[in-house]
Structures are given as C-alpha cells and as structure tokens.
Amino acid sequence: MKNALITGISGQDGSYLTELLLEKGYNVYGLFRRRSTGEYGNVAHLADKIHFIYGDMSDLSSLITAIIESNPDEIYNLAAQSYVAVSWAEPLFTNDVNGAGVAKLLEAVKLVKPDTRVYQASTSEMFGKVQQIPQSETTPFYPRSPYGVSKLYAHWIAKNYRESYNMFVSCGILFNHESQRRGKEFVTRKITNTVAKIKYGKTDCLYLGNLDSKRDWGHSKDYVYAMWKMLQHTEPDDFVIATGKTYTVREFVEAAFLCVGINIVWQGKGANECGIDAETKKTLVKVDNKLYRPAEVELLMGDSTKAQKLLNWYPKYNLQSLVKCMIDNDLELEK
Ligand code: NAP
Ligand code: F7E
C-alpha cells in the first residue's frame, strides 16, 4: 500500500485526486488548515477515509511534521491561493503560499524523505501574455498577475530541486479545469450556478467582466488522473495538460443557457454588451466593469502532445459534456 500526502486536499482537485488514490488503494493523508466553521470542504464525504494533518504552506514546521507523520511515497502539492483576481489584492500572501511555500515543502522533503515523488501544481497562467499559440512545454513564460508570478517561481524552484538534488519532482502545467466542485467565484461555476438560479427565478441577471477572454477548459477528473500518471512515469518531467480547444467566456455562457433551453443573442459592445433571451427578449447577461482585471490573460490554448505520447493521457470531457454536468449539478442544488 502506498502512502500519499495531498496538500490542498479540501479543494476541487484535492477531492477528485483523493477519490482516485483511494480507489487505487493508497493511504491518503491530507494537509489541512483549521477552519472556524470546522468543515472539510470538498472532501467532507470522504472524511472518515482520510488521515488529516493540520498544517499550512507558510509554516515549515507543519510541513516537516506532515512528512514525518505520513511517510509519503508521493506528495501532490495542490495547496494555493488559487484565485487570480484576489492575487492583486493579496500579492504578498499569494507569494508566501504559492511561491515560498513550495520552497519550504521541497526543503522539508529533501531533509526528511528525499526519495518521495513530488507533483507540483504549475499552471497555464505562467504563459500569461502568450508568446505562441498553442502553448507547450517549450513556450516562453510571461505571467500577467501576482498569481502567475508566484507559480512561476514555484515551477522553477521545483525544477531546480530536481536538477540540484536528483529529486523526483514533476510539474503539471495544467490549463483551466472545472467541475461541479469548482469554487463559485471562478467564471465557469459562477455562470452555471447563476443560470440555474435564473431558471428557478431566484435571480434576474448574470453580471460578468471580460467576455472576450479565451480559455482551454477541461474537467478536473481528467486532470487529476494526469497528475497521478506523472508520478508513475519513469522520469520526473514537466507536462502540459489541456484539451487543445479554446472558447470565449461568451461561448461558455451560450452553452450554459442552451442547457436550460434558453437561446442567448448578444447586443452592444464592450461595457454596453448584453445577452438577451431570444424568445422573451429579457436581458439575462450584463457587463460589470468592476469585474475586469488590471491585466488580462487574453487567450490560452494548450498543446498536450507530450503527455499524450509519454503518459498516454487524453481528456474524456469536452466543453459540452463539462457544461452539462456542471449545469445538472447546479440545477439540482438550486431546485
Ligand atoms: P482550490 O479549489 O482553490 O483549492 C486550493 C486548496 O489549497 C484548498 O484546499 C485550500 O484550503 C488550500 N490552501 C490554500 N492556502 C493554503 C495554505 N496557506 N496552506 C495550506 N493549504 C492551503 O484549487 P484547485 O482548483 O483545486 O487547484 C489545485 C491546484 O492547482 C492549485 O495549486 C491551483 O493553483 C493549481 N491549478 C489549478 C488550475 C484550475 O484550473 N483549477 C489550473 C492550473 C493550476 P482551504 O479549503 O482551507 O481554503
Ligand atoms: O477566469 C474572465 C476572467 O477566474 C477566467 C484558476 O484556477 O485557471 C483559473 O484562473 C476568465 C478570465 O479563472 C468574470 O477575466 C469574466 O479571463 O475562472 P477564472 P482564471 O483566472 O483563468 C488557471 C489555469 C489557474 O491556475 C487558476 O488557479 O474569465 N471573467 N468575467 C471572469 N472571471 C471571474 N472569475 N468572474 C467573472 O465575473
């Protein structure tokens, strides 16, 4: 039986990864922050199967203790301040957790159990103002937010521990991945949840920022499988994980409304653009300037050929099946 330590276990990916590893017979340990509400987040349904260890990415002593207690064969470092928009409001905290926190974790692994295989959650946000389309492992980075910069530091420090100390550290450069467990502040879940509320008459309108942003959206379940595959590979390496397809926020909105039988047509431009129900002529989507970011990542589209070839990894979900499962879940929730 292998031991796995997951940081960020209560998040979206942490929960799907826990399910995968439990299915595979792992002992799962989760680094967990104390919460005033005492909840387990997305792993509440698995709480009796997980060994929780209190800790925080900013607290080196807790990371050392977690490694001693869990004696891990594999560590999946998923903990992060993961919301890009908040990284402008909390740039130093974001860096402490996402950047310096990774150096602390790697140093703890080096000191306590250097043969542990480590997965680092890198991100397509490191490509930021993209220098190539599509983006692959060889595309130059150009982060556009404190979040992107913090993750780029983590990515390079992870590579450095791999090369300096011969440690097995792999970085997954994952493009956006979503699910019914996605936080409601992220655009996809905000859209599906608000569409469900509109369907049941609980709210009138969906307010969004930049509708022109393009993202390569996959499903978290597919992406956590790629994380596991990376740590089973013969060599540590970096891999882009993406669907290879890109869509605008506007197209995601259209797909979500179509799932509840509403055809959206667009009128106006920029801040005056709105989405109208083609049948009733009601305005269901409006632009709110406050939701624009200080700097935007305009277009992401990943090339995961390397992961396909070396890991035999392919996504199962496409945009339509992703939107459908998110909408079905939110309709049930808001009923
Ligand atoms: P998420 O749902 O926001 O989960 C983040 C997790 O990190 C939560 O369990 C959170 O705990 C924990 N955490 C935050 N700050 C911490 C700290 N100081 N110490 C310990 N734990 C802390 O994120 P996700 O979508 O699952 O993403 C997982 C990882 O992949 C993140 O590193 C993210 O940056 C990265 N990533 C995500 C995507 C994506 O599209 N989802 C793409 C590329 C990379 P609480 O529950 O206590 O807040
Ligand atoms: O924004 C635009 C927004 O917050 C997507 C994280 O998991 O993926 C995620 O980062 C796009 C942006 O995700 C709203 O401006 C328009 O262009 O859902 P998001 P993100 O910033 O792409 C990467 C790969 C990560 O690593 C991150 O951890 O949608 N947008 N209107 C909006 N975004 C939000 N949140 N809310 C809006 O109302």
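For reference, positions follow the sequence shown, starting with 1. Every number for a ligand or one of its atoms is a count from 1 in the order of the listing.
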Under a 4.0 Å threshold between the charged nitrogen and the carboxylate oxygen, would D212 count as salt-bridged to R250?
yes
Salt bridge flag under 4.0 Å for residues K49 and E23
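Judged by the 4.0 Å cut-off on N to carboxylate O distance, K49 and E23 do not form a salt bridge.
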Looking at ligand 1, would [X] count as a contact under a 4.0 Å heavy-atom criterion?
{"X": "K151", "answer": "yes"}
{"X": "R181", "answer": "no"}
{"X": "G101", "answer": "no"}
{"X": "T7", "answer": "no"}
{"X": "Y223", "answer": "no"}

Numbered atoms of ligand 2 (with element) below 4.0 Å of [X], judged on heavy atoms:
{"X": "S82", "result": "6 (C), 27 (C), 28 (O)"}
{"X": "K190", "result": "37 (C), 38 (O)"}
{"X": "Y83", "result": "4 (O), 35 (N)"}
{"X": "S124", "result": "24 (C)"}
{"X": "E296", "result": "3 (C), 12 (C), 15 (O), 17 (O)"}
{"X": "V249", "result": "29 (O)"}
{"X": "G209", "result": "14 (C), 16 (C), 31 (N), 38 (O)"}
{"X": "L291", "result": "38 (O)"}

Atom [atom1] of residue position [X] - does it have more than 12 heavy atoms of other residues, nucleotides or ligands inside 6.0 Å?
{"X": "Y83", "atom1": "OH", "value": "yes"}
{"X": "K324", "atom1": "NZ", "value": "no"}
{"X": "Y142", "atom1": "OH", "value": "no"}

Nearest to [atom], what protein heavy atom do you find, and at what distance?
{"atom": "atom 17 (O) of ligand 2", "answer": "S213 OG, 2.5 Å"}
{"atom": "atom 4 (O) of ligand 1", "answer": "G11 CA, 3.3 Å"}
{"atom": "atom 12 (C) of ligand 2", "answer": "R215 NH2, 3.5 Å"}
{"atom": "atom 19 (P) of ligand 2", "answer": "R293 NH2, 3.7 Å"}
{"atom": "atom 13 (O) of ligand 2", "answer": "N176 ND2, 3.7 Å"}
{"atom": "atom 14 (C) of ligand 1", "answer": "A80 O, 3.2 Å"}
{"atom": "atom 2 (O) of ligand 1", "answer": "Q12 N, 3.0 Å"}
{"atom": "atom 14 (C) of ligand 2", "answer": "V187 CG2, 3.6 Å"}
{"atom": "atom 42 (C) of ligand 1", "answer": "H177 CE1, 3.3 Å"}
{"atom": "atom 6 (C) of ligand 1", "answer": "G8 CA, 3.5 Å"}

Within the 3.5 Å criterion, strictly below it, is a donor on [X] or [Y] matched to an acceptor on the partner's side chain?
{"X": "W266", "Y": "E254", "result": "yes"}
{"X": "N98", "Y": "Q81", "result": "no"}
{"X": "E334", "Y": "N193", "result": "yes"}

Run down the list [options] and name the one with the heavy atom closest to [atom].
{"atom": "atom 18 (N) of ligand 1", "options": "T94, T188, D56", "answer": "D56"}
{"atom": "atom 44 (C) of ligand 1", "options": "G172, G218, S122", "answer": "S122"}
{"atom": "atom 46 (O) of ligand 1", "options": "M227, R35, R34", "answer": "R35"}

Judged by non-hydrogen atoms, does M126 sit under 4.0 Å from ligand 2?
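Flag not set, M126 not near ligand 2.
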Does ligand 2 have an atom that lies less than 4.0 angstrom from a heavy atom of A85?
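The answer is no, since A85 has no heavy atom less than 4.0 Å from ligand 2.
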Provide the number and element of each atom of ligand 1 under 4.0 Å from a heavy atom of [X].
{"X": "N176", "answer": "40 (O)"}
{"X": "S82", "answer": "1 (P), 3 (O), 23 (O), 33 (C), 34 (O)"}
{"X": "L174", "answer": "42 (C), 43 (C)"}

Hey, does the Lys NZ or Arg CZ of R181 hover above the aromatic six-ring of Y16, less than 6.0 Å from the centre and inside 45° of the axis?
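Yes - R181 lies over the ring of Y16, closer than 6.0 Å to its centre and within 45° of its axis.
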Please classify the [X] to ligand 1 contact at 4.0 Å (heavy-atom distances, strictly less than): side chain, backbone, both or neither.
{"X": "M57", "answer": "both"}
{"X": "Y147", "answer": "side chain"}
{"X": "V97", "answer": "side chain"}

Pair F141 and F127, ring centroids less than 6.0 Å apart:
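Yes - the distance between ring centres of F141 and F127 falls below the 6.0 Å cut-off.
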Using 30° and 60° as the class limits, which term best fits the ring planes of F52 and F32: parallel, tilted or perpendicular?
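Rings of F52 and F32: tilted, 30 to 60°.
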Taking 4.0 Å as the limit for heavy-atom contacts, which would you say applies to [X] with ligand 2: side chain only, backbone only, both, or neither?
{"X": "R182", "answer": "side chain"}
{"X": "E185", "answer": "backbone"}
{"X": "V84", "answer": "side chain"}
{"X": "Y292", "answer": "neither"}

What residue among Y317, F252, F186 forms ring-ring contact (aromatic ring centres under 6.0 Å, His included) with W217?
F252
Is it the case that the side chain of D216 and the backbone of L300 share a donor-acceptor pair, with hydrogens and angles ignored and the cut-off at 3.5 Å?
no
